[in-house]
Amino acid sequence: MLVEQARTLSRSGMKKHLRVLPMYAGLPASEQMKVFERISHGVRKVVVATNIAETSITINGMSFVIDCGFVKLRAYDPKRAIESLVVVPISQASANQRAGRSGRNRSGQCYRLYTEEDFHKLSPSTVPEMQRSNLSPVILQLKALGIDNVLRFHFLSPPPAQSMVQALELLYALGGLDKHCRLTDPLGVRMAEFPLNPMFAKMLLESGNFGCSAEILSIAAMMQIQKVLVIPPNQKSQAAREHRKFAVQEGDHLTMLNLFEAFIKFNKSSHWCQQHFLNYKGLMRAVTVREQLKKLLGKFKVPKNSSEGDPDPILRCIVSGFFGNAAKLHSSGVYRTVRDGHELHIHPTSVLYAEKPPNWVIFSEVVQTSKYYMRDVTAVESAWLLELAPHFYQQGTHLSRTSKRAKMDML
């Protein structure tokens, strides 16, 4: 909208030009650097930014800040066992921090798009991350440090009890804890050494047994990178056409594997990335992450093997780690989580979004905007969930299905 307005103003003979630039963490480095470039006197720079501009960077010469009063925070819902990105009102501390951005080099002003009355209703400070996170990685680390009674541990910001219980349940389901809540040896001890979500750690440690450790390493590395696909606003259709070359019907995990393997095949070329609208720095970061994870697998003597193009072992291995994030296509056309029946939708950026929806899927995370969207979605067989996680899922009888349906209707 700002770019369109800038064009209209320049056509109507306005002497000052607007230079409108985006700024967010996933933006390619070359695009990010444009924000810091000096501009001539006849140009006004307008930066549209996420909360990266609140604390992480300082842009010289900024005189005005427009604060919308909202922020996207990562939050964990222990009832749904879903981690999601949620748009919430900012805190007073964040509002003051944003206002401070306007007067770094010279006096400035902050325009808040909310009333003073609303400002006083905001919480004084942002909810600590400890109280809105999935605690399974934290508990795994505490157990590895020899702190057995995690429920009595003195956290600086005590997390909700329900989050603690849910994290212990997940770690038990993954095989990281035994029935006495002690770290299992070797699986739990090894999972604690990975600097990743325990689901990824379990998937990597199981990859040798499925005969696909090479592919799973690449997938795990790619899943740690934000914004691998670059979509310039003026070349959307070209970018979509190039990205479709890597897409496969199984879903996003194997699409990312294809993308990574093609990058390696073309000698990690930055020119090739430009041609295919891919984030070169992001892919190079994935190469580094993969090497680090490969060393860990070598340390734990996980067999080095490849499925040689067969997707089934890879998909089964992903299920062995992410069985807790499964959803089934409902007759109404939406997905519902298998355990609790919460409504989910496939994210528009997924390769499965425009395809015929598969009956069963697993996902890496959920993003909440107008709806709950699943990110990094892959189609799976329901039989794999029963086979690889029998302790987590059971074959339902007609009676249990009926009672569950009745419960859903009541909701």
Side-chain angles (χ1 to χ4, degrees), residues 1-7 9-10 16-68 70-74 85 94 97-111 221-240 242-243 256 259-260 262-264 266-292 349:
M1 284 166 70
L2 286 167
V3 170
E4 285 300 314
Q5 184 70 6
R7 283 180 191 148
L9 290 170
S10 64
K16 264 209 169 191
H17 294 292
L18 288 184
R19 183 150 194 234
V20 187
L21 299 164
M23 186 64 189
Y24 54 92
L27 198 65
S30 58
E31 295 292 309
Q32 285 187 358
M33 292 315 291
K34 288 179 184 176
V35 166
F36 302 102
E37 288 171 4
R38 285 184 176 273
I39 50 167
S40 59
H41 288 295
V43 179
R44 167 167 278 183
K45 191 195 300 184
V46 181
V47 180
V48 182
T50 60
N51 54 318
I52 187 175
E54 198 177 295
T55 51
S56 306
I57 58 166
T58 296
I59 303 166
N60 284 337
M62 283 290 155
S63 303
F64 304 97
V65 166
I66 298 168
D67 174 14
C68 66
F70 289 97
V71 66
K72 224 179 225 184
L73 281 183
R74 191 169 285 278
L85 283 168
S94 283
Q97 184 69 33
R98 288 179 180 193
R101 301 281 96 193
S102 59
R104 307 303 286 180
N105 306 95
R106 57 172 182 246
S107 61
Q109 283 176 300
C110 175
Y111 293 92
M222 286 294 279
M223 290 295 120
Q224 310 314 309
I225 311 302
Q226 284 187 327
K227 303 273 182 189
V228 175
L229 308 176
V230 176
I231 306 171
N234 55 342
Q235 293 175 290
K236 279 184 181 176
S237 56
Q238 283 172 269
E242 290 298 327
H243 295 160
M256 285 297 152
L259 212 149
F260 183 82
F263 178 62
I264 300 298
F266 286 92
N267 302 315
K268 305 173 197 167
S269 158
S270 59
H271 177 65
W272 178 84
C273 285
Q274 267 181 315
Q275 280 181 315
H276 293 85
F277 299 93
L278 302 172
N279 181 352
Y280 173 70
K281 284 210 164 177
L283 284 164
M284 285 306 293
R285 171 95 183 109
V287 171
T288 310
V289 171
R290 190 184 187 279
E291 281 307 307
Q292 290 170 346
T349 56

Please give me the minimum heavy-atom distance between V230 and A239, naming the atom from each residue.
O-CB, 3.8 Å
With sequence neighbours left out, what residues match V287 under side chain to side chain contact (heavy atoms under 4.5 Å, CB included)?
F260, F263, I264, K268
Please name all residues satisfying side chain to side chain contact (heavy atoms under 4.5 Å, CB included) with M223, sequence neighbours left out, ordered by chain then number.
F200, I219, H253, M256, S364, D376
Atom pair CE (M23) and CE (M33), whose distance is rounded to the nearest 0.5 Å
8.5 Å
Identify whether the distance between the nearest side-chain nitrogen and carboxylate oxygen of K34 and E31 falls below 4.0 Å.
yes
Can you find a pair of side-chain heavy atoms, one from V71 and one from S94, that are under 4.5 Å apart?
no
Looking only at non-hydrogen atoms, find the nearest pair between K45 and V47 and report the distance.
CD-CG2, 4.0 Å
Just wondering, are more than 12 heavy atoms of other shown residues or ligands nearer than 6.0 Å to CD1 in I57?
yes
Nearest heavy atoms of S102 and C110, plus distance in Å:
OG-N, 4.2 Å
Is there a side chain to side chain contact (heavy atoms under 4.5 Å, CB included) between V289 and M222? Walk through the geometry before answering.
CA-CA 8 Å; V289 171; M222 286 294 279; over 6 Å; no
CD on Q5 to CE on M1, rounded to 0.5 Å
8.5 Å
Just how far is it from atom CG of L21 to atom CD1 of I39, taken to the nearest 0.5 Å?
9.0 Å
Could I get the full list of side-chain hydrogen bond (donor to acceptor under 3.5 Å, both in side chains) partners for E242, not counting sequence neighbours?
K245
Listed partners of R98 passing side-chain hydrogen bond (donor to acceptor under 3.5 Å, both in side chains), at least two apart:
E54, D67
Kindly say whether V65 contributes a backbone atom to a donor-acceptor pair with the side chain of Q109 at under 3.5 angstrom?
no
Between N267 (side chain only) and S269 (backbone N and O only), is there a donor and an acceptor less than 3.5 Å apart?
no
Looking at every heavy atom in both K236 and I231, which two are closest together, and how far apart are they?
CG-CG2, 3.8 Å
Nearest heavy atoms of A6 and L18, plus distance in Å
CB-CB, 3.7 Å
Quick check for you: to the nearest 0.5 Å, what is the distance between S40 atom OG and R19 atom CZ?
9.5 Å
Distance in Å, L229 CG paired with L278 CG, rounded so as to fall on 0.5 Å steps:
6.5 Å
Does the side chain of L283 reach to within under 4.5 Å of the side chain of I225, using non-hydrogen atoms?
no
Find the distance between CZ (F277) and CD (Q238) and round it off to the nearest 0.5 Å.
5.0 Å
Only counting residues at least two apart or in another chain, list the ones meeting side chain to side chain contact (heavy atoms under 4.5 Å, CB included) with E4.
R7
Quick check: closest heavy atoms across A221 and A286, and the distance to 0.1 Å?
CB-O, 3.4 Å
Sequence neighbours left out, what passes side-chain hydrogen bond (donor to acceptor under 3.5 Å, both in side chains) with H276? Give chain and number order.
W272
